[in-house]
Each structure stands twice: as C-alpha cells, then as structure tokens.
Amino acid sequence: MRVVTWNVNSLNARLARVLEWLEANAPDVALLQETKLREAAFPTEAFAALGYEGAHVGQGQWNGVAVLSRVGIADVERGLSDGEARLVGATCGGLRVYSCYVPNGRALDDPHYAYKLRWLDELSDRLARRDRSGPLLVAGDFNVAPADLDVWDPAALAGLTHVSEPERAALERLEATGLVDVVRALHPDEPCFTWWDYRGGAFHRGWGMRIDLVYVDADHATAVRAAYVDRDARKGVKPSDHAPVVVDLDL
DNA sequence: ATGTCCCAACTTTTGGGA
C-alpha cells in the first residue's frame with residue numbers, strides 16, 4: 001500500500017498539480033492538509049475520476065484536511081475539541097489513517113503557541129486510547145522539526161517556533177504512544193526536508209525543514225518498505241511550499 | 001533569512017496567515 005501526506009497550501013490553487021501527482025504516483029491513500037476549502041467546495045468529482053473517494057473536514061479560508069482513498073473509506077473521525085479543521089481520521093483498506101494539520105504556533109510568546117502545544121497533547125491523548133487491533137498511520141504537517149538534523153541551520157532558528165524544546169517534547173509524547181517516525185527510521189542521517197519558505201529563494205538555497213512527518217505504529221513500522229520526500233514536487237509552476245512524503249507499506 | 005504565495009474583501013490594494 002502506498003500512502004502520501006502533502007500540505008497542498010490551497011487545494012483550489014493546487015488542484016491541477018495534485019491531480020497530476022496522483023496520476024503519476026498512484027498512491028492508494030492520500031492525506032492532504034491546508035485544503036482551504038469549504039466542505040461544499042471539495043472537488044469530489046475530480047478525485048472520483050481518478051478512482052478516489054474522499055473524506056474532507058473543511059472550514060473555508062483556513063486549515064482543512066482530507067483523506068483520499070482508492071481502497072475504501074470507513075469510520076470517518078472529524079477533528080479535535082478546538083473545532084478547527086485540523087484532523088480527519090478514516091480506515092482505508094484495513095489501515096487506520098489520520099491527516100493532521102498542527103497549529104503553526106506563530107511565535108513562542110503568542111497565544112497560538114500554547115494552543116499548538118495543547119492541540120498536540122490532545123492528539124496524543126486521543127491516540128493513547130486508540131484501538132490497537134490493526135495498523136495505524138498518523139501523518140501530516142506537524143509544524144515541528146523533531147531534531148536539529150531536520151533544519152538547515154539550527155542557529156538561525158534559535159528562539160523561533162518549530163524547533164523549541166516544548167514542541168519537540170510534545171512530539172516525543174506522541175511517539176511514546178507507540179509510533180515510529182518512519183522517514184527518519186529509514187534515513188537516519190539525511191535531513192529529508194519537506195518544507196521550504198517561498199521567500200528568499202529558500203528552496204534553491206537549501207533552507208528547508210522536515211516538518212511533514214509520517215508515523216506508523218511500532219508493530220507495523222517493519223512493514224515499511226520505502227519512505228521518502230518527493231522534492232521534485234516543490235519545483236515548477238505554482239508549487240506548494242511543502243513537498244509530498246510517500247510511504248510504501250507491505251501490510 | 002523574510003526577495004512569496006494564498007485567501008478574503010462593500011476587491012483593482014490591503015491585511016492576515018503561513
């Protein structure tokens with residue numbers, strides 16, 4: 001089974017590129033973030049034409065998460081207690097998946113930063129109580145770089161969000177529910193950046209971060225055959241500022 | 001590091017968010 005997670009930064013602006021990518025890479029399940037669409041505006045027919053069913057939690061201008069699947073969608077789970085469109089879960093071909101869009105945090109002294117930490121802890125609490133009878137994959141834009149290897153220059157980011165100790169500790173609590181960061185597990189020494197700012201020529205300068213993560217439950221992490229970032233998708237005309245992260249599993 | 005992109009709006013330019 002092939003699963004991809006991708007923060008598309010507006011599904012409206014990115015639809016042609018997303019469809020092209022789906023056709024070329026043929027994932028069984030696609031987890032999208034930042035659709036920025038009302039639920040009524042979700043392009044159900046365009047995805048159906050490629051064989052995908054969708055489950056979308058949208059709120060319009062901001063946020064928005066979706067699951068696309070060509071192996072079935074059941075037991076859709078919508079959101080956390082904050083009411084924002086940042087989490088959707090579903091069971092696709094026997095695999096339980098979650099598409100996550102963690103709050104950005106903005107700055108360490110911003111109320112949005114405390115909200116980010118609370119949101120991650122609520123996600124951890126939810127996953128700690130999960131049904132462990134089948135395989136689980138939790139992925140999305142976590143807006144946290146787990147370690148210094150995951151950023152181009154730790155010194156340049158000191159004092160900013162995405163790299164602070166409390167954010168990293170919140171990710172560690174999530175992992176402690178029994179999850180494995182499979183890109184890092186398969187590539188222990190490569191940065192594997194997933195996001196580059198649109199500004200300042202960041203992509204070409206290599207100023208990136210690994211903030212889009214794929215977690216698989218520890219019992220099934222050994223079923224992962226490949227886990228990689230498609231950085232070519234960050235190139236070309238009207239790219240998202242995030243690249244897709246692909247995982248192939250032999251469940 | 002902030003040279004961009006995307007959205008909404010009493011839209012033709014600005015402000016908010018990332």
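Here is how names work: the chains are called A, B, and so on, in the same order as the sequence lines, proteins then strands, and each is numbered from 1.
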Q. For the pair made of CH2 in W152(A) and C1' in dA1(B), what is the distance, rounded to whole Å?
A. 7 Å
Q. Are T194(A) and R210(A) linked by a side-chain donor-acceptor pair shorter than 3.5 Å?
A. no
Q: Quote, to the nearest angstrom, the C1' distance that separates dT11(B) from dC6(B).
A: 15 Å
Q: Kindly give the heavy-atom pair with the smallest separation between N104(A) and T161(A), and that separation in Å.
A: O-OG1, 3.5 Å
(Q) Taking only the C1' atom of each, what is the distance from dG15(B) to dC10(B) in whole angstrom? (A) 16 Å
Q. Considering heavy-atom distances to DNA chain B, does R14(A) or L157(A) have its closest nucleotide positioned more toward the 5' end?
A. L157(A)
Q: Could you measure between the two P atoms, the one in dG17(B) and the one in dA1(B), and give it in whole Å?
A: 24 Å
Q) Using a distance-only test with no angle check, is there a side-chain donor-acceptor pair under 3.5 angstrom linking E84(A) and Y115(A)? A) yes
Q. In whole angstroms, how far is the P atom of dC6(B) from the CG atom of L37(A)?
A. 13 Å
Q. Strictly under 6.0 Å, is that where the ring centroids of W152(A) and W196(A) end up?
A. no
**Q.** Letter per nucleotide, 5' to 3', of nucleotides 9-18 of chain B [B base touched, S only sugar-phosphate touched, - untouched; heavy atoms, 4.0 Å]
**A.** --------SB
Donor-acceptor pairs are to be reported for all side-chain atoms of residues 43-57 of chain A against protein atoms at under 3.5 Å, with residues two or more places apart or in another chain.
from, atom 1, to, atom 2, distance (Å)
T44(A), OG1, F42(A), O, 3.4
Y52(A), OH, P27(A), O, 2.5
H56(A), NE2, T35(A), OG1, 2.9

(Q) How many whole angstroms separate atom NZ of K238(A) from atom C1' of dC7(B)? (A) 12 Å
**Q.** dC7(B) and dT12(B), which share atom name C1', separated by this distance in whole Å
**A.** 16 Å
Q. Between the side chains of W207(A) and D197(A), is a donor N or O closer than 3.5 angstrom to an acceptor N or O?
A. no
Q) If you look at every strand shown and take non-hydrogen atoms under 4.0 Å, does L160(A) touch a base, only sugar-phosphate, or nothing? A) base
Q: Could you state the atom-to-atom distance from CZ of F203(A) to C1' of dG3(B) in whole Å?
A: 17 Å
Q: Grab the CZ-P distance between R17(A) and dC5(B) for me, whole Å please.
A: 13 Å
**Q.** Joint cluster assignment, V97(A) & Y101(A), ILVMFWY side-chain distance < 4.5 Å
**A.** yes
